[in-house]
Protein chains: 2
Amino acid sequence: MDATDQKILNTLMADSRISQKELAARVGLSAPAVAERVRRLEEGGIIRGFTIDINPEALGYPLQAIVRVRPLPGKLHIVEQIIQEIPEFGECDKVTGEDCFVARLYVRSVSDLDNLLERIVDKAETNTSIVKAKPVERRMPPFQLS
Amino acid sequence: MDATDQKILNTLMADSRISQKELAARVGLSAPAVAERVRRLEEGGIIRGFTIDINPEALGYPLQAIVRVRPLPGKLHIVEQIIQEIPEFGECDKVTGEDCFVARLYVRSVSDLDNLLERIVDKAETNTSIVKAKPVERRMPPFQLS
DNA sequence: GATGAAAGGGACCAGCC
DNA sequence: GGCTGGTCCCTTTCATC
């Protein structure tokens with residue numbers, strides 16, 4: 001893991017579909033050399049996978065909400081299971097503190113939001129915030145040299 | 001956008017580096033047909049881009065925190081700017097409600113966490129939760145047919 | 001949307017520095 | 001590690017069904 005690997009990661013993060021030749025040119029190496037580095041980044045678990053970035057709006061989900069969830073006593077596992085079973089939850093973190101879960105919900109409308117939260121209101125307290133903007137999106141901290 | 005497109009999205013989400021031939025086989029179409037569909041999904045803005053999934057642990061950031069940020073009166077913009085300038089913030093949503101921002105912070109240690117939050121303590125109230133687990137990760141809701 | 005063909009480019013493997 | 005060159009496969013585009 002050096003500065004070249006960092007460049008490779010940044011480049012692939014922005015566009016992972018460029019050819020090895022193109023990637024090599026951008027980081028200043030030959031194609032086989034860059035291919036070998038990408039292979040090692042994958043084997044080392046630094047690159048977890050190649051994927052696509054999907055626009056939820058275009059899928060029909062123009063609204064996002066951040067939902068903090070505090071299950072009632074004894075309801076933690078059932079609440080976690082319900083969150084996993086509702087596909088509109090795009091990510092969910094189990095965290096320390098008063099809230100047990102912080103989750104992102106993709107919804108079609110505020111009434112849709114209300115309907116979905118109905119499924120946990122009797123098992124948890126929730127606190128919902130609508131996402132108005134995204135000051136930071138899809139970013140990874142730099143690898144620190146030395 | 002139909003069931004086949006949904007399959008294409010799911011397949012590419014899991015691995016965007018497979019060949020068109022392979023993708024075509026998995027969704028039950030010919031290669032040219034699948035290529036045309038992917039092209040339309042890109043042009044329609046449904047596929048926002050091809051990218052990689054990076055493991056922050058392997059980059060040297062074993063801890064994640066969810067930070068809720070409530071800027072002091074008059075400090076909203078400067079706080080937003082500081083968040084954008086700290087690379088350890090991997091994502092930040094501006095939301096409705098008491099908290100103005102909900103952000104994800106990648107850190108090397110809890111002391112690192114403390115150091116980073118020092119840069120906004122005089123400009124905002126913060127509430128930080130350490131991520132203990134990820135019950136749901138990187139998931140997109142299904143496109144609803146009809 | 002499928003098929004088949006042709007041209008161009010990329011990935012992969014040697015062999016070598 | 002990295003470079004160069006050669007081979008094979010894939011991608012892309014076209015015409016046709």
Side-chain angles (χ1 to χ4, degrees), chain A residues 1-60 138 140-146, chain B residues 1-62 87 108 138 140-146:
Chain A
M1 190 72 202
D2 57 11
T4 302
D5 283 336
Q6 181 75 50
K7 262 199 225 174
I8 290 174
L9 292 179
N10 290 338
T11 307
L12 289 180
M13 189 118 171
D15 184 2
S16 67
R17 215 177 30 170
I18 60 174
S19 67
Q20 293 184 353
K21 189 178 173 185
E22 172 69 19
L23 178 58
R26 293 199 202 171
V27 304
L29 281 177
S30 69
V34 99
E36 172 66 11
R37 277 172 179 267
V38 170
R39 197 186 59 74
R40 274 205 299 271
L41 287 169
E42 285 185 75
E43 288 190 351
I46 293 164
I47 295 179
R48 204 143 42 177
F50 286 68
T51 184
I52 51 173
D53 180 23
I54 297 176
N55 179 7
E57 267 188 64
L59 272 186
R138 267 179 23 78
M140 285 299 291
F143 174 79
Q144 295 288 1
L145 302 158
S146 91
Chain B
M1 190 70 203
D2 57 11
T4 302
D5 283 335
Q6 181 75 49
K7 263 199 224 175
I8 289 173
L9 291 179
N10 290 339
T11 307
L12 290 180
M13 189 118 171
D15 183 2
S16 68
R17 218 178 27 170
I18 59 173
S19 69
Q20 293 185 356
K21 192 178 173 182
E22 172 68 20
L23 179 59
R26 293 199 202 170
V27 304
L29 282 176
S30 68
V34 99
E36 172 66 12
R37 276 171 179 268
V38 171
R39 197 186 59 74
R40 274 203 301 266
L41 288 169
E42 285 186 76
E43 288 189 352
I46 294 165
I47 295 180
R48 206 145 37 180
F50 287 68
T51 185
I52 52 173
D53 180 22
I54 296 176
N55 179 7
E57 269 188 62
L59 272 186
Y61 298 85
R108 302 175 171 284
R138 268 179 23 78
M140 285 300 292
F143 174 78
Q144 296 287 4
L145 302 159
S146 86

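Lettering follows sequence order; numbering is per chain, from 1.
B:E42 is linked by a side-chain contact (heavy atoms from CB on, under 4.5 Å) to A:R17, B:V38, B:I47, B:F50, counting only residues two or more places apart in sequence or in another chain. Partners of A:A25 under the side-chain contact (heavy atoms from CB on, under 4.5 Å) rule, at least two apart in sequence or in another chain, do not exist in this structure. Considering only residues two or more places apart in sequence or on other chains, B:N55 meets the side-chain contact (heavy atoms from CB on, under 4.5 Å) condition with A:R48, B:E57, B:A58. With sequence neighbours left out, the salt bridge (Lys or Arg N to Asp or Glu O under 4.0 Å) criterion links A:R40 to A:E36. Considering only residues two or more places apart in sequence or on other chains, A:S30 meets the side-chain contact (heavy atoms from CB on, under 4.5 Å) condition with A:P32, A:A33.
The shortest side-chain heavy-atom distance between B:N10 and B:Q6 falls under the 4.5 Å cut-off. The closest side-chain heavy-atom distance from A:D53 to A:R138 is below 4.5 Å. Side-chain contact check for A:L59 versus B:M1: some heavy-atom pair is nearer than 4.5 Å.
The stretch residues 6-17 of chain B has no heavy atom under 4.0 angstrom from DNA chain D at all. Listed by residue number, A:R37, A:R40 are the residues of residues 34-44 of chain A with a heavy-atom contact under 4.0 Å to DNA chain D. Residues from residues 25-32 of chain B with heavy atoms under 4.0 angstrom of DNA chain C, sorted by number: B:L29, B:S30, B:P32.
Taken to the nearest 0.5 Å, the CG atom of A:L23 stands 8.0 Å off from the OG atom of A:S19. Between the CD1 atom in A:I52 and the CG atom in B:L41 there is a gap of 8.0 Å [rounded to 0.5 Å]. If you take CZ on A:F143 and CD1 on A:I46, they are separated by 7.5 Å, rounding to the nearest 0.5 Å.
Summarising the geometry of B:Y61 relative to A:P142, their closest heavy-atom pair is OH-O, 2.7 Å, with the distance given to 0.1 Å.
Remark: side-chain polar atoms of A:T51 are not paired, donor with acceptor, to backbone N or O of B:T51 under 3.5 angstrom.
Rounded to 10°, the angle separating the first-five-pair axis and the last-five-pair axis of the helix from C:dG1-D:dC17 to C:dC17-D:dG1 equals 30°.
On the nucleic acid side, DNA chain D contacts chain A at distances under 4.0 Å to non-hydrogen atoms, with the end points of that region at D:dG1 to D:dT4. Where DNA chain C meets chain A (any atom under 4.0 Å from a heavy atom), the bounding nucleotides read 5' to 3' are C:dG10 to C:dC13.
Identified under the salt bridge (Lys or Arg N to Asp or Glu O under 4.0 Å) test for residues 5-15 of chain B, with sequence neighbours left out: B:D5-B:R37.
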